[in-house]
Amino acid sequence: MDNSATSNDPTAGLTYDPGAIERKWQRLWQERGTNSTNLQGATRPFYALMMFPYPSAEGLHVGNLFAFTGNDIYGRFQRLAGHNVFEPLGYDAFGIHSENYALKVGKHPMELIPRNIANFRRQLERAGLMVDWRYTLATTDPDYYKWTQWIFLQLLNQGLAYRKQAAVNWCPNCKTVLANEQVVGGVCERCKTPVEQRSLEQWFFRISDYAPRLLANLDRIDWSETTKTAQRNWIGKSEGAELAFPATDAGSGSACEIRVFTTRADTIFGATYLVVAPEHPLVESFTQSAERKKVEAYRERTKKQDIVTRKTSTEKTGVFTGSYAINPATEKRIPIWVADYVLMEYGTGAIMGVPGHDARDFEFATEFRLPIVRVVCGEREDAATPLTAAHTDCDLGTMVNSGPLDGLGVDAAKRRIVEILAERGAAKAVVRYRLHDWCISRQRYWGPPIPIVYCDSCGVVQVPEKDLPVVLPFVEDFKPDDSGVSPLARHEEWYRVPCPECGQMARRETDVSDTFLDSAWYFLRYPSVGRNDVPFDKNLTLKWLPVDSYIGGNEHAVLHLLYSRFITMVLHDAGHLEFEEPYARFRAHGHIIRDGAKMSKTQGNIVNPDEYIERWGADAFRTYLMFLGPYEQGGDFRDQSISGTRRFLDRLFASVQAMSSEGDPNADVMRKLHQTIRKVGDDIARLSYNTAVAAMMEYMNVLRKGERTPHRDEVLPMISLVSPFAPHLAEELWQQTGGAGKNGSVFDAGWPAFDPALAAEDFIELVVQVNGRVRAKVRVPRDIGQDAAVDAARADPTVARYVSGAPTKIVFVPGRLLNIV
RNA sequence: GCGGAAGUGGCGGAAUUGGUAGACGCGCUGGACUUAGGAUCCAGUGGAGCAAUCCGUGGGGGUUCGAGUCCCCCCUUUCGCACCA
């Protein structure tokens, strides 16, 4: 027990006891159902969603609380503005985090997860969130993942799920396949082990089919620009052309062609060689027998080379196949090389080498002494200007050494060459996307089993909807091994089942699905939690979705947000949803650092919300989190600074205790009050919480100025203004002051009315500049005209000193500023 | 390398459209109350100067009556992506 509270605690002697008030209101909210939303009866529904947390064993992180508080403030504000706000919260409890942690501590995830969830729930309730806990969910609940499996079947039925033997990323430490997204810089995102390649049979979703729509829709949704940019880059549209280079098969001698993809078709006259990826299926056909050994050795080497070296090394390696192709533009013979700087996964797995105008090709050509030709000139260059590096800038480029293209600009040349070659069937304009299909198979235990059965007679058979969920069995040995299959594959008693179609003994799919599939549809589930006959109720979905406001971390800017958009589109196309974009508005919150450094366990600077709430109260802590920096940028958490927000709440508390209803409110104070009502509302609406708090503090300073007793009318609206930030204290003060009867909540009382007439200033401080420098401020009527303003300014002694004779120019900004030149 | 964001007092940060730079808070200084205060309250607080005034938003140019804000060049930090043709 910490007994320093009486002697050392700087909060000792402050005027209100947050512990008692917060416990009281958390109890009353529960008893009165204050935070319960009437989903059926709502007339002005507003869905305020935050990304659900992964319930870690360490408990709630202050970063979670920062994020959730921001959403809560927005939700509470919308409620005060008259909406029926639904603010649900659940848990993203499946996945590799939980499983790895369970392995580490030697406990079973089925035992750990409920415990972690209970701890999260306790912490979240202490934070005073307006969450309707009747509609919580956990992705690990069979009632939930039943429908995750159902979604898999929807994709399968629409031909959007398929199996493919594919080279996948394999983490030798986690002993599992990783999605491309989980490979960061060639190493496993989680354990930093270099990733290897393995070939396994996997389930994929055809998200790449949706690339054009996923991209196009971004233009019409209200999301943070940064997030949209990240998605655009990830989808990676590039418009270019596919060009065919005639060649000869080295073995049979028959004619064939190599197709390359390029975004710079204009530079084809500068293509002095071709390169194909080592994995390219045509490599063998082009390799002359004299070169066969060398080429094979090179292919073997790159296959073995781990992905890190291959992706990070900029050194150019490669071998000549001994064969030549014909450049369709120059009709010259150019050599065909094999090199690992060309990737099989992108484009056609083959490129034309244009060393004059591509940095990588320049390096390669320099290394292997291949000819370098200039075909584009900048402003002060001509066809003969030597190239010391690749000239890649094409903005002001003019074509040279390019036959029919000479003199054209780069863009015109791109179109023209495709037209010319297309006549011979050697070119077509194409659009490529970087986005590749989504591999959802995981050779792991802690996830929803993929609802598929493999039957010797019937093949791949889906588990009928009536048999869902395929329940994840409790198994003791859930540790993955390097067999390339899930731990479930060790449990014959589970995977041996009769085929749903023919009844013969068959085998279940033993892989589970990706956690991102769990989180790709959870927002659809919340309003329908408790319904076991449908994934989501038609009418409730119509009423509540799409999500009105979604808030979350930008680390999910690409994957989660893209996957949930995709799943929503698929369900829309299948007729299950009316809309195709899940989140009408999305804003990314920032992240919190501490004392200028990243919070981490090893540094021991992690903020445990429990301790801070204990010491300062949830209200002061919430307010501080929102005050420490711009919500969308995050900020720096400093222990010392919390006292400021606590003092602010104490002063409000004290003012309410001291206020009087005698006499009239002060007009200046009331003017400031109405300005504050407007500013706080505007600021909350644009998530500028730090300035909203600052505005309230400023008002409190005005209110308390001088030795006067504040008037009731000056104080009461502050209770509502502060309520989204400090909900417990607001309720307490609301009750104390008799707001809306005995059982009313401040959150049902509406946002204080803003009166523009009361907020308007009659007089303003006009800034007077002379030659652009501020020389004086004069107090003048708000709507003063230019001539009167000049007179007033010249009456000022300082201004008079600087202005001699007639001004050459007067700049007058009404209501703000006067500049005499 | 490419793409995004950002550089403002001792510190966290304000300045919504080119119009008083430093709101608000922390810290610090002085004072009041006090047996005491790391509580509370009051006052002050960008730098230089007795002052008038001058200098100040990473650095250097520019546009403008006026630039933290717009344009050009450079430096630094940070976060994504990374041989994507």
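Note that the coordinates shown come from a computational prediction; the quantities given were computed from them, not determined experimentally. Below, read A as the first sequence line, B as the second, and so on, with proteins coming before strands; counting in each chain starts at 1.
- Between M352(A) and D361(A), the shortest heavy-atom distance links the atoms O-OD2, 3.6 Å.
- Nucleotide A43(B) has U29(B) as its partner under the Watson-Crick or G-U criteria, with both atom distances under 3.5 Å.
- Not a single salt bridge (charged side-chain N to carboxylate O under 4.0 Å, His left out) links R775(A) to another residue, sequence neighbours left out.
- Between R594(A) and G12(B) there is no side-chain polar atom (N or O) within less than 4.0 angstrom of OP1 or OP2.
- The closest side-chain heavy-atom distance from S641(A) to L628(A) is not below 4.5 Å.
- The partner of U17(B) is absent, by the rule that a Watson-Crick or G-U pair needs both atom distances under 3.5 Å.
- Considering only residues two or more places apart in sequence or on other chains, Q231(A) meets the side-chain hydrogen bond (donor to acceptor under 3.5 Å, both in side chains) condition with R565(A).
- Using a 4.0 Å heavy-atom cutoff across all strands shown, R686(A) reaches at least one base atom of the nucleic acid.
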Name the pairs: protein N/O against N/O of nucleotides 23-27 of chain B, kept only if under 3.5 Å.
residue, atom, partner, partner atom, Å
A23(B), O2', E698(A), OE1, 3.0
G25(B), OP1, N701(A), ND2, 3.2
C26(B), OP1, R647(A), NE, 3.0
C26(B), OP1, R647(A), NH2, 2.6

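- Contacts of I351(A) with the nucleic acid, taken as non-hydrogen atoms under 4.0 Å apart, include base atoms.
- Checked by distance alone, Q769(A) brings a side-chain donor or acceptor within 3.5 Å of a matching partner on the base of G19(B).
- Straight-line distance from the CG atom of L766(A) to the P atom of U20(B): 12 Å, rounded to whole Å.
- An OP1 or OP2 oxygen of C54(B) is reached within less than 4.0 angstrom by a side-chain nitrogen or oxygen of R775(A).
- Across all strands, R434(A) comes closer than 4.0 Å to base atoms (heavy-atom distances).
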